[in-house]
Amino acid sequence: MSKPKRYWMMKSEPDAFGIDDLERVGTEPWNGVRNYQARNFMRDGMREGDGVMIYHSNCKVPGIAGIARVASAAYPDETQFDATSKYFDEKASREQPRWFLVDVGFERKLKRLIPLEEIKTHTDQLGEGFALTAKGSRLSVFPVTSAQWKLLLSLE
């Protein structure tokens, strides 16, 4: 019996790597995540085929821009071993990597960007634990329930 599909939100800055970049390359390692909880979601929770909403953050109009899928099982993020990378971690070793990533594959752009301000109008329906609308939440990777996924896509 197969496990049910899971859903996730992954934030990116569109001027660094956004939905247009993912569309261009097709599949990309989601590297550079340096938050333990976000790392744990990728390492322990994500499975190939899971749905991903790509959220553009730190831009003029933040919001959900597209849909992707988890395209690989988690594996060590190579940037942690590269002394020239801004994501280098001197405490990481190949024998005991600290940071993991998954590959993310492009599915489609949304018909329109769903802005954060609009998402906030649905806070009650999304639930108080929803990371985009929760006070003080800064996670770059977090789970989305099936009901939240459907609600957010209905806004498209």
Side-chain angles (χ1 to χ4, degrees), residues 1-80 85-87 99-135 137-156:
M1 184 169 146
S2 66
K3 294 182 179 179
K5 185 174 184 174
R6 294 181 180 175
Y7 300 98
W8 306 92
M9 184 84 64
M10 298 178 94
K11 292 182 183 179
S12 71
E13 296 179 10
D15 61 342
F17 190 87
I19 194 67
D20 292 333
D21 299 300
L22 187 58
E23 181 180 33
R24 182 177 38 78
V25 299
T27 302
E28 182 76 4
W30 207 260
N31 63 23
V33 173
R34 294 298 182 267
N35 172 285
Y36 286 110
Q37 189 175 7
R39 180 230 27 213
N40 293 348
F41 286 141
M42 288 195 294
R43 185 190 65 192
D44 305 331
M46 289 185 170
R47 294 187 298 261
E48 198 169 339
D50 284 354
V52 175
M53 288 183 167
I54 303 296
Y55 178 87
H56 285 174
S57 65
N58 202 19
C59 55
K60 187 175 181 176
V61 181
I64 302 168
I67 303 296
R69 73 187 178 303
V70 176
S72 74
Y75 61 94
D77 181 340
E78 284 296 312
T79 63
Q80 70 190 306
S85 171
K86 69 179 181 177
Y87 300 115
W99 304 106
F100 289 78
L101 58 76
V102 295
D103 291 342
V104 176
F106 178 81
E107 290 284 319
R108 69 180 179 88
K109 289 183 190 179
L110 295 186
K111 295 171 190 154
R112 68 177 187 94
L113 180 94
I114 303 170
L116 177 59
E117 289 307 313
E118 182 179 345
I119 294 166
K120 286 180 177 180
T121 67
H122 299 276
T123 298
D124 288 343
Q125 292 168 278
L126 290 164
E128 67 181 61
F130 186 63
L132 272 184
T133 55
K135 297 278 187 222
S137 178
R138 308 255 319 139
L139 276 179
S140 61
V141 176
F142 56 88
V144 175
T145 67
S146 177
Q148 290 165 338
W149 179 272
K150 288 175 187 167
L151 173 63
L152 293 167
L153 284 182
S154 77
L155 303 176
E156 184 180 10

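Since the structure is predicted, the reported quantities are computational estimates derived from the model, not experimental observations.
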Going from OG1 on Thr27 to CG on Leu22, what distance comes out if it is rounded to the nearest 0.5 angstrom?
7.0 Å

In a table with atom names and distances, give each donor-acceptor pair under 3.5 Å that connects a side chain of residues 51-63 to protein atoms at least two apart or in another chain.
{"unit_1": "His56", "atom_1": "NE2", "unit_2": "Ile19", "atom_2": "N", "d": "3.0"}
{"unit_1": "Asn58", "atom_1": "ND2", "unit_2": "Glu13", "atom_2": "OE2", "d": "3.2"}

Interatomic spacing from CD in Glu48 to CZ in Arg69 - rounded to 0.5 Å:
8.5 Å

Decide yes or no for Arg34 and Thr79: does some side-chain heavy atom of the first lie under 4.5 Å from some side-chain heavy atom of the second?
yes

Which residues share a side chain to side chain donor-acceptor pair (under 3.5 Å) with Arg112, sequence neighbours left out
Glu118

How close do Val33 and Ser140 get, heavy atom to heavy atom, and via which atoms?
CG1-OG, 4.0 Å

Chi angles and distances behind the side-chain contact (heavy atoms from CB on, under 4.5 Å) call for Phe106, Arg24
CA-CA 9 Å; Phe106 178 81; Arg24 182 177 38 78; over 6 Å; no

Is any side-chain heavy atom of Lys11 closer than 4.5 Å to one of Leu132?
yes

N/O donor-acceptor pair under 3.5 Å between Gln80 side chain and Asp77 backbone:
yes

Residue set satisfying side chain to side chain donor-acceptor pair (under 3.5 Å) with Asp20, at least two apart, ordered chain then number -> Lys109

Please test Glu28 against Val104 for side-chain contact (heavy atoms from CB on, under 4.5 Å), starting from the C-alpha separation and ending with a verdict.
CA-CA 5 Å; Glu28 182 76 4; Val104 176; 5.7 Å; no

For the aromatic rings, using the six-membered ring if either is Trp, is the centroid distance between Trp99 and Tyr75 under 6.0 Å?
no

One pair to check against side-chain contact (heavy atoms from CB on, under 4.5 Å): Met9 and Phe130. What are the steps and the verdict?
CA-CA 10 Å; Met9 184 84 64; Phe130 186 63; 4.0 Å; yes

Parallel, tilted or perpendicular: rings of Trp30 and Phe17 (30°, 60°)
perpendicular

Table please: side-chain donor-acceptor pairs of residues 148-156 below 3.5 Å, with sequence neighbours left out.
{"unit_1": "Gln148", "atom_1": "OE1", "unit_2": "Thr145", "atom_2": "N", "d": "2.8"}
{"unit_1": "Gln148", "atom_1": "OE1", "unit_2": "Thr145", "atom_2": "OG1", "d": "3.3"}
{"unit_1": "Gln148", "atom_1": "NE2", "unit_2": "Leu126", "atom_2": "O", "d": "2.7"}
{"unit_1": "Ser154", "atom_1": "OG", "unit_2": "Leu151", "atom_2": "O", "d": "2.6"}
{"unit_1": "Glu156", "atom_1": "OE1", "unit_2": "Arg108", "atom_2": "NH1", "d": "3.4"}
{"unit_1": "Glu156", "atom_1": "OE1", "unit_2": "Arg108", "atom_2": "NH2", "d": "3.0"}
{"unit_1": "Glu156", "atom_1": "OE2", "unit_2": "Arg108", "atom_2": "NH1", "d": "2.7"}
{"unit_1": "Glu156", "atom_1": "OE2", "unit_2": "Lys111", "atom_2": "N", "d": "2.6"}

Partners passing side chain to side chain donor-acceptor pair (under 3.5 Å) against Tyr87 (at least two apart in sequence or in another chain):
none

Find the distance between CG (Leu101) and CD (Glu78) and round it off to the nearest 0.5 Å.
8.5 Å

Side chain to side chain donor-acceptor pair (under 3.5 Å) with Arg39: which residues, sequence neighbours excluded?
none

